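A short write-up of the structure that comes next.
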Amino acid sequence: MTSIDYMKWIMIVAGGLTCSMIFAVFAPQEALISMFGESLTEPLAQVVVRSWGFLIFMIGALLIYGAFRPIYRNLALVLASTSKVAFISLIVLFGAQYIDKSLLTITLDSIFVIVFLGYLAKVKRTA
């Protein structure tokens, strides 16, 4: 197997895990409690959390799509990496009190970003 073959499967796994946030669309309070250990009760929070969950789901779907459509693979990896770095940065900068609760997500997202950027760098060098 080449690194391209491995990247396909890594993207499928990462995309599947990322798509799991679709549950925030249907259970926003449970998603917040699961991710951060707290919930929001305002009606606007329901809309914002559902939208957030759907956007994360779309990033996961994009990763899976890119895994099967190599022409879009680099774009999918750049967008997913950007989204994951933004999430990690926002937690570190503005939500330090939630790091313990979201540590698994932060760790997995960090690993995926490192792998994605490593792949992109390798592809750029060989192009």
Side-chain angles (χ1 to χ4, degrees):
M1 277 187 130
T2 67
S3 63
I4 291 173
D5 295 327
Y6 287 122
M7 183 51 63
K8 176 181 178 179
W9 291 107
I10 291 168
M11 289 176 73
I12 291 169
V13 170
L17 290 171
T18 304
C19 280
S20 71
M21 278 306 293
I22 191 71
F23 92 97
V25 172
F26 305 103
Q29 294 304 320
E30 290 79 3
L32 286 173
I33 291 168
S34 160
M35 285 291 299
F36 305 108
E38 293 185 27
S39 65
L40 298 170
T41 57
E42 297 83 21
L44 179 59
Q46 299 289 319
V47 174
V48 172
V49 172
R50 289 171 196 258
S51 174
W52 169 69
F54 189 76
L55 289 171
I56 294 170
F57 165 78
M58 292 300 296
I59 292 292
L62 180 63
L63 282 169
I64 293 169
Y65 184 76
F68 290 101
R69 301 292 299 246
I71 192 168
Y72 299 112
R73 188 168 289 166
N74 291 355
L75 176 63
L77 291 171
V78 168
L79 291 174
S81 295
T82 303
S83 173
K84 291 176 181 302
V85 166
F87 172 74
I88 294 164
S89 299
L90 290 169
I91 292 293
V92 170
L93 293 172
F94 302 108
Q97 68 271 29
Y98 304 114
I99 289 176
D100 287 345
K101 186 65 178 170
S102 58
L103 190 58
L104 178 60
T105 303
I106 291 169
T107 303
L108 285 173
D109 280 354
S110 297
I111 292 168
F112 286 135
V113 167
I114 291 166
V115 171
F116 295 169
L117 295 179
Y119 172 84
L120 289 167
K122 182 176 180 181
V123 167
K124 185 174 180 170
R125 279 193 310 267
T126 60

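Keep in mind it's a predicted model, so treat the numbers as computed, not measured. Counting from 1, the numbers follow the sequence of the chain as shown.
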Original post:
Do Phe26 and Phe23 pass the ring-ring contact (aromatic ring centres under 6.0 Å, His included) test, and can you show the C-alpha distance, the side-chain angles, and the key distance before you say yes or no?
Top reply: CA-CA 5 Å; Phe26 305 103; Phe23 92 97; 9.5 Å; no
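A 4.5 Å side-chain heavy-atom check between Ile59 and Met21 finds every atom pair outside the cut-off. A 4.5 Å side-chain heavy-atom check between Met7 and Leu77 finds at least one atom pair inside the cut-off. Contact annotation: the side chain of Asn74 approaches that of Tyr119 to within less than 4.5 Å [non-hydrogen atoms, C-beta and beyond]. Residues Leu120 and Leu117 have side chains in contact (heavy-atom distance under 4.5 Å, counting atoms from C-beta outward).
Residues Val13 and Ile22 do not share a hydrophobic cluster, defined by chaining ILVMFWY side chains whose heavy atoms lie under 4.5 Å apart. Linking Ile, Leu, Val, Met, Phe, Trp and Tyr residues whenever their side-chain heavy atoms come within less than 4.5 Å places Leu32 and Met35 in a single cluster. Follow the hydrophobic side-chain contacts under 4.5 Å out from Val92 and you never reach Val113; the two are in separate clusters. Taking hydrophobic clusters as Ile, Leu, Val, Met, Phe, Trp and Tyr residues chained together by side-chain heavy-atom distances below 4.5 Å, Leu62 does not share a cluster with Phe112. Follow the hydrophobic side-chain contacts under 4.5 Å out from Phe87 and you never reach Phe57; the two are in separate clusters.
Across all non-hydrogen atoms, the minimal contact from Ser110 to Ile106 is OG-O, 2.7 Å. Of all heavy-atom pairs spanning Gly37 and Lys101, the tightest one is N-CG, 3.4 Å. When every heavy atom of Gly66 is checked against every heavy atom of Ala76, the shortest pair comes out as CA-CB, 4.2 Å. Closest approach of Cys19 to Ala61, counting heavy atoms only: SG-N, 3.3 Å. Considering all non-hydrogen atoms of both residues, Val78 and Thr82 come closest at O-OG1, 2.7 Å. Considering all non-hydrogen atoms of both residues, Ile12 and Ile64 come closest at O-CG1, 4.1 Å.
Side-chain atoms of Ser20 come within 3.5 Å of backbone atoms of Leu17 as a donor-acceptor pair (strictly under, hydrogens ignored). Remark: side-chain polar atoms of Gln29 are paired, donor with acceptor, to backbone N or O of Leu40 under 3.5 angstrom.
For the atom pair Ser81 OG and Ile114 CD1, the distance stands at 10.5 Å (nearest 0.5 Å). Of the inter-residue distances, the one linking Leu63 atom CG with Ile10 atom CD1 reads 11.5 Å to the nearest 0.5 angstrom. Between the OG1 atom in Thr107 and the CD1 atom in Ile88 there is a gap of 8.5 Å [rounded to 0.5 Å]. In this structure, Arg73 CZ and Tyr65 OH are separated by 12.0 Å, a value rounded to the nearest 0.5 Å. From Lys84, atom NZ reaches atom CG of Leu79 across 12.0 Å, with rounding to the nearest 0.5 Å.
For CD1 of Ile71, the number of neighbouring non-hydrogen atoms (other residues, nucleotides, ligands) closer than 6.0 Å is 12 at most.
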